[in-house]
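Okay, so here's the structure we're looking at.
Below, read A as the first sequence line, B as the second, and so on, with proteins coming before strands; counting in each chain starts at 1.
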Number of protein chains: 2
Amino acid sequence: MRVAIVDDDPLVRMGLRAIVSSEDGWDVVGEAGDGAAAVALAAQERPDVMLMDIRMPGVDGLSATREIVASGSATRVLVLTTFEVDEYVFEAMRAGASGFVLKRVPPAELIESVRVVASGESLLFPASTRAVIERFATRGAERLPELSEREEDVLRALARGRSNGEIAAELFVSVETVKSHVASILMKLGVRDRTQAVIVAYESGFVLPGETSERR
Amino acid sequence: MRVAIVDDDPLVRMGLRAIVSSEDGWDVVGEAGDGAAAVALAAQERPDVMLMDIRMPGVDGLSATREIVASGSATRVLVLTTFEVDEYVFEAMRAGASGFVLKRVPPAELIESVRVVASGESLLFPASTRAVIERFATRGAERLPELSEREEDVLRALARGRSNGEIAAELFVSVETVKSHVASILMKLGVRDRTQAVIVAYESGFVLPGETSERR
DNA sequence: GTTCCCCTCCCCCGCACGGGGGAAGGTGGC
DNA sequence: GCCACCTTCCCCCGTGCGGGGGAGGGGAAC
């Protein structure tokens, strides 16, 4: 296992190095103190896993992660943070990090985390997982008003960017029918136009990013 | 710790009961073989954690989870599945489950999982976490074409359901200017109308569900 | 200097969209 | 039997939106 360590604090790097290199067959193949150096290090050493701090002078850890992932590197990035509930968790996920864990976890857990992301899986710390799940659940403010079956069909079509004419063709009905369904949807959702209806569809979880375009 | 077990297979229930009750101070306060019984059980016994199978005859585990969570119960639902990559993970998250783990994990891990969700945190199995992160990252097919700063402002406004006139007022420019920005956005994104632009904004991660409406 | 691109603003045009009416058959509840 | 709702279809009308032309100023690159 070849591990790289990125943190602007030399003390933290030393601590991480001690933990990682204590494991049999594990090597720390390099250290970096900022994002730019991290990108270069990833390209040079091609480590299996890179432990990445977020807050660093110059190029931050998220930008560095984005670059490394975008470069097609096989290196997995495990983001380390100081605070439990870190707003950066979503950004880190979008940047392509394979995991998001606390710096102050017991060494054994950190080792295990590295092993997990190296295996191609991903992992989040419980508090982060909770935040993610809550975003999905949108607990509380969700629930669309009751839409009829046909209206849901039409709303799904709207959320795929279809025009009234296209929806009519897909559902084998006339454009007028589609228009009347759209009008009902707008009224029930309390919105002005199809664009706002699509926004409500996304915000309520009626459709999820990724489930419309990729599947089939 | 008071735990309830929901699974249609008596054998599985026995196995889970054995694991749970082997822990000091932990009690299995009830079992259920289908979703309807699970909802009733949650209301009666108010367990700390409910281990919930998904596939069951009659009312399935997801519907039961939805009901229990919607009822405002303090019971945390930990969803158990047989297969690693289960399409139901997103549904479970949306239903309000606190976790999603494999049935065949070592007993010690299952116990630990129950402890985690009981503490109010959430947890997903690595393979599930990976799927979730990939949905966020939308690795590969993402990246909006380069939009100018102003165009990003306009796209953000579009994603909030604003009309051209409203955007003009918000950005202190004329409607014509907004129209020309919108036209550039449509061209750059390769879409037909503002609705499709909003869809691209969501699908690409340019905006995330939850970040527009709730914040501020 | 020239050459881009961005941002701003303006014109005309056509049409899809949304709002206002309505009407018909089918299903299900009371 | 009546009423409510869904689904389907039709009319008219106004306008917001998108497509097609531009044009001028400013800043960065070269």
Original post:
Between CG of B:Leu78 and CD1 of B:Ile5, what distance do you get to the nearest 0.5 Å?
Top reply: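 Spacing of CG (B:Leu78) from CD1 (B:Ile5) equals 11.5 Å.
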
Original post:
Taking atom OG1 of B:Thr65 and atom CE of B:Met52, what is their separation to the nearest 0.5 Å?
Top reply: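 It is 4.0 Å, given to the nearest 0.5 Å.
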
Any side-chain N or O of [X] under 4.0 Å from OP1/OP2 of [N]?
X        : N      : value
A:Lys179 : D:dC13 : no
B:Arg194 : D:dG18 : yes
A:Lys188 : D:dC6  : yes
B:Ser180 : C:dT8  : no

Original post:
What are the two closest non-hydrogen atoms of A:Val114 and A:Met1, and how far apart are they?
Top reply: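 For A:Val114 versus A:Met1, the nearest heavy atoms are CG1-SD, 4.3 Å.
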
For [X] and [N], give me the distance from atom [atom1] to atom [atom2], rounded to whole Å.
X        : N      : atom1 : atom2 : result
B:Gln196 : C:dA16 : CD    : P     : 14 Å
A:Glu176 : D:dC11 : CD    : C1'   : 9 Å
B:Glu149 : D:dG26 : CD    : P     : 19 Å
B:Glu151 : C:dC5  : CD    : C1'   : 10 Å
B:Asp193 : D:dG19 : CG    : P     : 9 Å
A:Glu170 : D:dT8  : CD    : C1'   : 18 Å
A:Leu147 : D:dC5  : CG    : P     : 15 Å
B:Leu171 : C:dC6  : CG    : C1'   : 15 Å

Original post:
Where the side chain of A:Asn164 is defined as all heavy atoms beyond and including C-beta, which of C:dC17, D:dG18, C:dC7 is the nearest nucleotide?
Top reply: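 When the side chain of A:Asn164 is considered, C:dC17 is the closest of C:dC17, D:dG18, C:dC7.
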
Subject >> B:Val173 side chain, from C-beta outward: closest of D:dT7, C:dC7, C:dT8 >> reply: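 That would be C:dT8.
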
Reckon [X] touches a base, only the sugar-phosphate, or nothing at all at heavy-atom distances under 4.0 Å?
X        : value
A:Thr177 : base
A:Val182 : sugar-phosphate
A:Ser174 : sugar-phosphate

**OP:** Please test A:Ser174 against A:Thr177 for side chain to side chain donor-acceptor pair (under 3.5 Å), starting from the C-alpha separation and ending with a verdict.
**Re:** CA-CA 5 Å; A:Ser174 76; A:Thr177 300; 3.2 Å; yes

Original post:
Any ion pair linking A:Asp193 and B:Arg194 (charged N to carboxylate O, less than 4.0 Å)?
Top reply: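 So B:Arg194 does not pair with A:Asp193 through a salt bridge.
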
**OP:** Take A:Gly165 and B:Arg150, find for each the nucleotide of DNA chain C with the closest heavy atom, and name the residue whose nucleotide sits nearer the 5' end.
**Re:**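 That would be B:Arg150.
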
**OP:** Map B:Arg192 and B:His181 onto DNA chain C by nearest heavy atom, then report which one ends up closer to the 5' terminus.
**Re:**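 The answer here is B:His181.
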
